[in-house]
Amino acid sequence: MLTLRGVGLNLNGDNGDAKEILKNINLTFESGKLYAITGPNGGGKTSIAKVIMGIYQPTEGQIIFEGEDITNLSITERARRGLAYAFQQPPRFKGVYVDEVMRIANPDIDEMGIRSYLRDVGLCPEDYIGRDLGSSLSGGETKRLEVAQLLAKDAKITIFDEPEAGVDLWTIQKLISVIAGRHRGNDQKTAVIISHNEQFLPMCDEIILVADGEIQEQGPSAAIWPLIRDDIICDCRIRNQCGGGMIEAQQYR
Amino acid sequence: MKLSSIDNQLLEAVADLHGVPQGAFNIRKDGEGHRQSSANIEIVPKRDKPGIDIIVKPGTRNESVHIPVILTRSGLKDLVYNTFIIGEEADVTIVAGCGIHNPGNQDSQHDGIHEFIVKQGASLKYIEKHYGQGYGKGKKVLNPITIVTIEKGGYAEMEMVQIKGVDNTVRNTEAFIHENAGLKIVERLLTDGRQEAVSNVTINLIGADSSGQVLSRSVAQDESKQVFRALLVGKNRSTGHVECDAIIMGSAQIRSIPELTAESAEAMLTHEAAIGRIAGDQLIKLMTLGLDEQQAVDTILAGFLR
């Protein structure tokens, strides 16, 4: 369904120098599967998502979706072809209401549908359907509304960027159930979940481990998860503050 | 009263009216008023100058009055003095607004001088929208002066909106808030092209436990210019807050000047002001939902000015 071929990405750092963010990324996402992308902070997970969505333009390589080269398509064109991205830190909007943005995500949705998606992410429709997406919402509420929008959009490929971040423990399980329930075995849909969460990772069909802008490991969850589990929980890298440099505290394997 | 399609367009834009309303109203078209009083709201033409007195009987509850002004001819200069007296313990909504259709090359101008007296314990919701249309070279000019007095225990919320199409506006608002009374002013302003807008708001917190709040949201596009000054004067034990939030686009210019003056040690006054472009992540977010860039901008601006 979606293939990344030799994708590289350079971005300018704070000092203006180009920094290599992604190196020769080759990935294929198939229909009906759940994928997890995991790895240390700053390793390139979100950059892969943004390259897929067109937010970052790759420096090299190709992105093929349903047989079409979409490398040079805009964000809007990709969204209209069936790609969707739930932001790690969703922006806030003054004066834009929950039901309004849900209808932007899915113009065919009715109020019953909106209420259903809000319940799916553990939000009481009565309390949220007319709420402003501005500053009155907590980070966790904003995050759950972001997931609700993407569920409503019902795209062919949906990338959830750390859906658990800022969300309470009780809701994480609900999010896992609803994302898995909507995507697993559905041959029209694919979910890609960027996560560090030990509940999300094992329930995915495949895990892709990304660090230093490269794919370190990729394979069935049953094979990859046990290999990386301890490192995920402990965090793979530790900054050596005294030495001023970065050391590899543990290898992935 | 016969209304043309242009009249109806203007009335809908400034007062959400579809034809002549029920209840009390005063529709002023090209300098001539058409009015109707109700049992509790009396509308009386002034004898010494153009304009009307709107007198709401004490205790009147849940009633509204529409007093829109429309100008449909090029070159018209309209000046009007309106006085609003909201009786004790009344609770009413007044929908005003001015729409100018200027099809010609001469400037059309409406200057409204409004005085509000909100009597003891009364509550007022006032909505005023300004709008201009027409593709002649003549400018659409609106210069309102608003003077508000809120007596003991009274409250007013004033929503003043410039929708679009007004080439020049200078808006002066001054309020005097007495004991245990409050005023909230919400101003929303959109300018584009080479339009210019100046708004000066002063709230004098005179009485003990009085309160004042000014919330301004504006969008300046193209080469338009805006100046917003908001002054709170705490003369007694009082609370006040000014919040000015603006989006700047193109080559526009915005000056935002919140000012606080405390003449009492028990005055608690705060302000915040921000001017900035539309945040890139907001645009990207809406584009990932399928909107194109212009649709995303329109959605963000509509929400911001809502």
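Residue numbers start from 1 in every chain, and the chains themselves are labelled A, B, ... in the order their sequence lines are given, proteins ahead of strands.
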### Task
Enumerate by number any residue of residues 101-117 of chain A whose heavy atoms lie under 4.5 Å from heavy atoms of chain B; in the absence of such residues, state 'none'.
V101(A), I104(A), A105(A)

### Query
Could you state the interatomic distance from CG (L291(B)) to CZ (R80(A)), rounded to the nearest 0.5 Å?
7.5 Å

### Task
For K164(B), look at atom NZ and say whether over 12 heavy atoms of other residues, nucleotides or ligands are found less than 6.0 Å away.
no

### Message
For R277(B), I'd like to know if atom CZ has over 12 heavy atoms of other residues, nucleotides or ligands within 6.0 Å.
### Response
no

### Query
Are L289(B) and K153(A) close enough that some pair of their side-chain heavy atoms sits under 4.5 Å apart?
yes

### Query
Does the side chain of L133(A) come within less than 4.5 Å of Q282(B)'s, by heavy atoms?
no

### Message
Within the structure provided, determine whether T299(B) and F93(A) are in side-chain contact (heavy-atom separation under 4.5 Å).
### Response
no

### Message
Are there over 12 heavy-atom neighbours, none belonging to K23(A), within less than 6.0 Å of that residue's NZ?
### Response
yes

### Task
Identify the two heavy atoms, one from P91(A) and one from K285(B), that lie closest to each other, and give their separation to 0.1 Å.
CG-CB, 3.5 Å

### Flag if over 12 foreign heavy atoms under 6.0 Å of CZ, R255(B)
no

### Query
Above 12 or not: heavy atoms from other molecules or residues under 6.0 Å from CD of Q89(A)?
no

### Message
Within a 6.0 Å radius of atom CD on E293(B), are there more than 12 heavy atoms belonging to other residues, nucleotides or ligands?
### Response
no

### Summary
Value for CD1 (I284(B)) from OG1 (T76(A)), rounded to nearest 0.5 Å, stands at 10.5 Å

### Task
Check for a donor-acceptor pair, side chain of T288(B) on one end and backbone N or O of A84(A) on the other, with a separation under 3.5 Å.
no

### Query
With only heavy atoms counted, which part of R92(A) is less than 4.5 Å from chain B, the side chain, the backbone, both or neither?
backbone

### Task
Could you tell me which residues in residues 154-167 of chain A have at least one non-hydrogen atom under 4.5 Å from a non-hydrogen atom of chain B, sorted by residue number?
none

### Query
What part of E100(A) gets closer than 4.5 Å to chain B, counting heavy atoms only: side chain, backbone, both or neither?
side chain

### Query
Would you say Q22(B) has more than 12 foreign heavy atoms packed within less than 6.0 Å of its CD?
no

### M268(B), CE: over 12 other non-hydrogen atoms inside 6.0 angstrom
no

